[in-house]
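Read the structure below first, then the notes.
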There are 2 protein chains.
Amino acid sequence: MERARAGENVRSGADEEALFLAGYDITAWPRPSLAVDVAILTIAAGAAHVVLVERTRPPAQGRWALPGGFVRIDESLDDAVGRVLERETGLRDMYTAQLATFGEVDRDPRGRVVTVAHYALVPAARIEDVVTGRAGCALARVTPAGPGGDAPFRLVVPGGAQALAFDHDAIVAAAVERVQGRLWYTPVAFELVPDEFTLLDLQRVYEAILGRSLDKNGFRRRVLASGLVAPTGRRREGLRARPPELFRFAGDGRGG
Amino acid sequence: MERARAGENVRSGADEEALFLAGYDITAWPRPSLAVDVAILTIAAGAAHVVLVERTRPPAQGRWALPGGFVRIDESLDDAVGRVLERETGLRDMYTAQLATFGEVDRDPRGRVVTVAHYALVPAARIEDVVTGRAGCALARVTPAGPGGDAPFRLVVPGGAQALAFDHDAIVAAAVERVQGRLWYTPVAFELVPDEFTLLDLQRVYEAILGRSLDKNGFRRRVLASGLVAPTGRRREGLRARPPELFRFAGDGRGG
DNA sequence: CCAAAAGTGTTCCTATTACACCCATGA
DNA sequence: TCATGGGTGTAATAGGAACACTTTTGG
């Protein structure tokens, strides 16, 4: 442990550091570019969906891709995700979390681009006007195969079966697997339902993410015993059957 | 979905892409630097430890840090991890996995540096000569508080309690939590024991990572029922008690 | 009354815990 | 023979899976 190298003057640590940093140019070496890509997941018509945007410029022009963009020099990763999401979909204040970083050398034909993949969860109601009212935006259905299936899931894009741009198929796969793994252990499912929901709404979220059906009573008791939901006292009216009770999330400010 | 924008010639997709890429310089914009840092975990004397290296140059000169370095323009993240680990510790072919990416704007005084944190798992036997025989390398004891503790864990560095350089304390915390979460669901624990081990060796790994003691018989039956271990037929001799049976990992080429 | 969906009771089974006990070896 | 750690049996419990059943609404 030599705290001052031979041949250097011994100074206080702070002075030495300041001197070093003054003469240091971190931009002197070639280095990768850094991007963020986001798999926005939602539940529509009892199935999981992911938001895709059409690439209007090369590379992969005309193909479907995840919303994404380059990280600026003066913004954090979270800031970049928020900016990119609003620019490409108009959505703000979604739940987002980091997924994994993809850094293969040849993953982008423009050059070396490393991307920090994220996922976002949003209730279907908030997303409908975005996808229907925005050019180049679409929902792709994600059908997870239950545990034991050959492929982890099937992705149905609007214009027929087609691979996404870059390695975005792998990002969607990682997003679905991550949410599957966290579903029972964290309150992520509540990010996919409206503020007030029935237990069967919630159950459909679980079933869509997991790709299998669940027992009604078992699910009900498990959720109620978790203490994460509280009854609102209201019921959903206007159906042609018994009005179901409405609940709200009762955890500490959501989370993930 | 407009696949060719107004005002542009409509060509084949491949031609258009090639033209675009020929005139594209991705290095034109300022962008962050990219690094990898690795928390190497091991079990020694019944406790979890992490490998630290002393910083011999600013910034944070003289402080303890995780092994790490910048990602070169022509190497993948995994390649960078392997290169950095061998350079800073001499260790090769460890199990490594990606953890999370830390991208706060001010986390490195040299400038904007985003780091892709990884963790590595290695049996204690492989690490002893490295740490004892290499200047500026040390083991820090990591004491996880069981579930319900105030802090997630306590880190005991060699020269007294001191924070690690940069945000490396947070990386160690994330590494321990990640391994804790995967311990029962993936075969990561086998990366921390030698090729041949007793079930009590394995149990001590679990206890060190989880920070609590486990029931001997319950652990034994759980591990044997998992089908991940196979008896070797040999026993460990030379103890002052009954020689325990030796097992080996019987899964498909390890994994994570 | 009937269809449809909400909501409940009960049983079976498995995994986990906790604890007590016996066994084999070296000193 | 005794201390030490290896190895086993068993009962209690909690949680999940499966299934049948009752209740409440709209038409």
Side-chain angles (χ1 to χ4, degrees), chain A residues 43 45-46 146-148 180-187 189 193-194 196-248, chain B residues 43 45-46 146-148 180-187 189 193-194 196-248:
Chain A
I43 308 293
Q180 281 181 342
R182 304 213 157 176
L183 202 54
W184 290 116
Y185 308 104
T186 68
V193 291
E196 294 199 343
F197 52 87
T198 70
L199 292 185
L200 223 48
D201 290 339
L202 193 63
Q203 181 173 345
R204 274 188 276 263
V205 166
Y206 275 73
E207 291 175 336
I209 295 290
L210 296 174
R212 63 194 181 90
S213 60
L214 300 171
D215 180 73
K216 183 175 43 160
N217 192 19
F219 181 82
R220 182 182 194 83
R221 284 188 303 156
R222 192 166 173 174
V223 169
L224 290 175
S226 76
L228 292 176
V229 299
T232 63
R234 281 185 293 281
R235 290 173 177 278
R236 179 176 294 163
E237 311 284 348
L239 302 169
R240 61 180 168 288
R242 176 175 175 174
E245 197 171 5
L246 287 168
F247 291 83
R248 59 178 175 78
Chain B
I43 309 292
Q180 281 182 343
R182 304 212 157 177
L183 202 53
W184 290 118
Y185 308 104
T186 68
V193 291
E196 295 199 342
F197 52 88
T198 71
L199 292 185
L200 224 47
D201 290 338
L202 195 62
Q203 181 173 346
R204 274 188 275 266
V205 166
Y206 276 73
E207 291 176 334
I209 296 290
L210 296 174
R212 64 191 182 91
S213 61
L214 300 171
D215 181 73
K216 185 175 42 164
N217 192 20
F219 181 82
R220 183 183 194 79
R221 283 187 303 155
R222 190 166 172 173
V223 169
L224 290 176
S226 75
L228 291 177
V229 298
T232 63
R234 281 184 293 280
R235 290 174 178 275
R236 179 177 293 163
E237 311 286 347
L239 303 168
R240 62 179 169 287
R242 175 175 177 174
E245 198 172 4
L246 287 168
F247 291 82
R248 59 177 175 78

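This structure is a prediction, so every number in the text was calculated from the model and none was measured. In what follows, chains carry the letters A, B, and so on, assigned in the order in which the sequence lines appear, proteins first and then strands, with residues in each chain numbered from 1. Computed over heavy atoms, backbone and side chain alike; hydrogens, waters and symmetry mates excluded.
- Closest non-hydrogen pair, A:G46 versus A:A208, comes out as O-CB, 3.6 Å.
- Rounded to whole angstrom, the span from the CG atom of B:L246 across to the C1' atom of D:dG7 amounts to 15 Å.
- Rounded to a whole Å, the CZ atom of B:F219 is 14 Å from the C1' atom of D:dG6.
- The CZ atom of A:R222 sits 11.5 Å away from the CG atom of A:D215 when rounded to the nearest 0.5 Å.
- Each of A:D201, A:V193, A:L224, A:L228 was checked for a side chain to side chain contact (heavy atoms under 4.5 Å, CB included) with A:F247, and the lone residue meeting it is A:L224.
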- request: Mark up nucleotides 14-21 of chain D, 5' to 3', with B wherever a protein heavy atom is under 4.0 angstrom from a base atom, S wherever such an atom reaches only the sugar-phosphate, and - elsewhere.
  value: --SBBB--
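- At a threshold of 4.0 angstrom between heavy atoms, the contacts of A:L200 are confined to the sugar-phosphate backbone, with no base atom among them.
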message: Test side chain to side chain contact (heavy atoms under 4.5 Å, CB included) on A:T198 and A:Q203; report intermediate values, then the result.
response: CA-CA 9 Å; A:T198 70; A:Q203 181 173 345; over 6 Å; no
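- We find that CG of B:D201 is positioned 15 Å from C1' of D:dG7, with the value rounded to whole Å.
- Contact annotation for B:R236: no contact, since no heavy-atom pair falls under 4.0 Å across all strands.
- Using modelled atom types, one side-chain atom of B:E207 and one backbone atom of B:L214 make a donor-acceptor pair closer than 3.5 Å.
- Atom CZ of B:R220 is separated from atom P of C:dA20 by 20 Å (rounded to the nearest Å).
- Side-chain N or O atoms of A:E245 include none that pairs as donor or acceptor with a backbone N or O of A:P231 at under 3.5 Å.
- Within the structure, the ring-ring contact (aromatic ring centres under 6.0 Å, His included) test picks out the following pairs touching residues 198-218 of chain A (sequence neighbours left out): A:W184-A:Y206, A:Y206-A:F219.
- To the nearest 0.5 Å, atoms CG (A:N217) and CG (A:L199) are separated by 11.0 Å.
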What's touching nucleotides 23-25 of chain C from the protein side, N or O pairs under 3.5 Å?
residue : atom : partner : partner atom : Å
C:dC23  : O2   : B:R242  : NH1          : 3.4

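- Look at A:R235 and you'll find a side-chain N or O under 4.0 angstrom from OP1 or OP2 of C:dG7.
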